[in-house]
2 protein chains.
Amino acid sequence: MKNADSFVAALHEWAEITMRRSMRNVMRHTKESGLSMSQMGTLFYLQRCGHSGVSGLGGHLGITNAAASQMLDRLVEQGLILRSEDPQDRRIKRLTLTEQGRQMIYQSLHAHQAWLEELSASLTPQEKEAFIPALRTLTEKAKQIK
Amino acid sequence: MKNADSFVAALHEWAEITMRRSMRNVMRHTKESGLSMSQMGTLFYLQRCGHSGVSGLGGHLGITNAAASQMLDRLVEQGLILRSEDPQDRRIKRLTLTEQGRQMIYQSLHAHQAWLEELSASLTPQEKEAFIPALRTLTEKAKQIK
DNA sequence: CTTTATAATTAACCCCGCTTAACTAATAAA
DNA sequence: TTTATTAGTTAAGCGGGGTTAATTATAAAG
């Protein structure tokens with residue numbers, strides 16, 4: 001179990017570094033875009049889950065349906081999401097990203113990422129080649145969780 | 001340059017995964033703690049830069065000094081940071097984390113981290129052992145950036 | 001058909017974060 | 001010493017994001 005423990009410890013440290021960077025960058029870009037963190041979180045959630053209802057979104061963000069509904073008003077107004085009726089159950093509003101909304105997410109993920117290039121530049125070619133499998137496997141496995 | 005490119009690509013993918021996770025987790029924990037994202041960002045900033053003045057904080061967060069000053073009122077009130085005079089230049093207020101503030105950051109980084117254990121569990125012992133050097137080197141190099 | 005449950009919205013309200021503008025205090029420059 | 005600059009706070013006001021409670025509309029159950 002020694003290896004497993006030190007692996008988890010190393011993973012935690014690496015995750016902590018990337019989380020700090022990520023949060024800073026997302027907060028920056030979110031502010032630059034004139035959105036609130038809840039709004040940006042909504043866009044990310046919708047991209048990941050395909051489409052959702054208002055309650056699903058509220059539950060995900062940990063806010064009431066009322067709050068979610070009001071926030072959606074502004075996102076719709078800005079043309080970032082679409083709020084349409086579910087044809088199966090007309091009580092449900094089907095929330096989907098617009099093309100503009102998808103672009104916003106893309107920019108948010110790729111803005112302020114120069115540090116990744118810097119990190120890459122600080123490694124030797126041998127290290128880079130050796131680390132690629134690790135990164136790919138971790139990413140792939142992480143995608144499958146929950 | 002092929003390896004370098006695919007390395008950066010793999011790095012980007014990993015960053016994207018952790019960004020999505022951390023955004024949700026940090027927002028959750030921040031809400032649970034009764035703090036705003038700006039307040040949490042302030043704590044993280046102060047931990048990273050040691051100590052800062054009000055203007056420095058405002059500049060970092062992209063808000064006015066007035067806004068920073070008001071937000072600090074609440075953080076001081078909650079016992080998370082200390083606002084003391086700089087003995088060299090008494091116009092400057094020296095902002096530092098309290099022990100409670102440091103604990104808040106620690107909790108924020110480690111709350112909702114079960115997915116890392118899950119991720120670890122989804123790997124074979126051979127993979128874990130093989131990945132440890134990569135994680136350690138990446139962490140160490142990333143710490144030295146900027 | 002009537003009743004009940006579910007999904008979402010609306011209204012009234014509060015708090016917070018942010019802005020601008022005016023102000024105080026301390027340092028630097030003339 | 002007088003003036004200008006810098007750091008920070010205060011005050012007034014706006015708008016957003018959150019809440020609860022009441023309301024509408026649809027679907028499901030009796």
Side-chain angles (χ1 to χ4, degrees), chain A residues 23 26-46 49 51-96 104, chain B residues 23-24 26-46 49 51-78 80-96 104:
Chain A
M23 281 314 298
V26 169
M27 283 178 71
R28 273 221 186 147
H29 180 262
T30 300
K31 180 176 285 288
E32 287 167 11
S33 309
L35 296 179
S36 71
M37 285 301 292
S38 285
Q39 290 176 320
M40 191 60 85
T42 298
L43 298 182
F44 274 82
Y45 173 66
L46 288 182
C49 77
H51 48 80
S52 158
V54 177
S55 320
L57 174 64
H60 176 80
L61 295 178
I63 60 179
T64 61
N65 295 356
S69 180
Q70 292 164 9
M71 185 191 55
L72 288 168
D73 290 342
R74 289 159 204 127
L75 284 174
V76 169
E77 200 181 351
Q78 291 177 71
L80 296 170
I81 72 162
L82 223 67
R83 178 159 49 178
S84 56
E85 256 184 5
D86 184 324
Q88 257 67 47
D89 184 340
R90 293 174 51 211
R91 291 172 300 183
I92 300 176
K93 293 299 165 65
R94 173 177 286 210
L95 306 171
T96 51
M104 178 68 81
Chain B
M23 180 146 79
R24 180 159 176 234
V26 171
M27 281 178 72
R28 278 253 169 118
H29 180 262
T30 302
K31 178 180 288 287
E32 288 167 11
S33 310
L35 296 179
S36 71
M37 285 302 292
S38 285
Q39 290 175 321
M40 192 60 85
T42 298
L43 298 183
F44 275 82
Y45 172 67
L46 289 182
C49 76
H51 49 79
S52 159
V54 176
S55 322
L57 174 63
H60 175 79
L61 296 179
I63 60 179
T64 61
N65 294 357
S69 180
Q70 291 164 7
M71 186 191 57
L72 288 169
D73 289 342
R74 292 164 202 122
L75 284 174
V76 169
E77 200 181 348
Q78 292 176 68
L80 296 171
I81 72 161
L82 224 67
R83 178 159 50 179
S84 56
E85 257 183 5
D86 184 324
Q88 257 67 46
D89 184 341
R90 291 175 50 214
R91 293 171 298 181
I92 299 176
K93 294 298 166 65
R94 173 176 286 212
L95 307 170
T96 50
M104 178 69 80

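All chains are named by letter (A, B, ...) in the order of the sequence lines, taking the proteins before the strands, and each is independently numbered beginning at 1.
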Counting just side-chain N and O atoms, does [X] come under 4.0 Å of either OP1 or OP2 of [N]?
X: A:Lys93; N: C:dT9; value: yes
X: B:Arg83; N: D:dG8; value: no
X: A:Ser69; N: C:dT10; value: no
X: B:Ser55; N: D:dT6; value: no

When you measure from the side chain of B:Arg28 to the backbone N and O of A:His60, does any donor-acceptor pair fall under 3.5 Å?
->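 Confirmed, B:Arg28 side chain pairs with A:His60 backbone.
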Do the side chain of A:Thr42 and the main chain of A:Ser38 share a donor and acceptor less than 3.5 angstrom apart?
->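 Indeed, once roles are kept as given, a pair shorter than 3.5 Å links the two residues.
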Measure the distance from [atom1] on [X] to [atom2] on [N] and round it to the nearest whole Å.
X: B:Asp89; N: C:dT24; atom1: CG; atom2: C1'; result: 15 Å
X: A:Asp73; N: C:dT9; atom1: CG; atom2: C1'; result: 9 Å
X: A:Asp86; N: C:dT9; atom1: CG; atom2: P; result: 13 Å

Using the closest heavy atom to pick a nucleotide of DNA chain D for each, name whichever of A:Gln88 or B:Gly53 lands nearer the 5' end.
->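 Closest to the 5' end, via its nearest nucleotide, is B:Gly53.
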Applying salt bridge (charged side-chain N to carboxylate O under 4.0 Å, His left out), name anything that partners A:Arg91, two or more places apart in sequence or on another chain.
->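 Checked A:Arg91 against salt bridge (charged side-chain N to carboxylate O under 4.0 Å, His left out); matches are A:Asp89.
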Which atoms form the tightest heavy-atom contact between A:Leu46 and A:Ile81, and what is the distance?
->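 Heavy-atom minimum between the residues: CD1-CG2, 3.9 Å.
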Which is true for A:Glu85 with a 4.0 Å heavy-atom rule: it touches a base, it touches only sugar-phosphate, or it touches nothing?
->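 Since no nucleic acid heavy atom lies under 4.0 Å of A:Glu85, the category is nothing.
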Value rounded to 0.5 Å, distance of NE2 in A:His29 from CE in A:Met40 |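 Rounded to the nearest 0.5 Å, the NE2-CE separation comes to 5.5 Å.
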Given protein heavy atoms under 4.0 Å, the one-letter contact record of nucleotides 15-25 of chain D, with B base, S sugar-phosphate only and - none, is simply --SBBBB----
Between B:Leu75 and B:Arg83, does a side-chain contact (heavy atoms from CB on, under 4.5 Å) hold up when you go through it step by step?
-> CA-CA 10 Å; B:Leu75 284 174; B:Arg83 178 159 50 179; over 6 Å; no
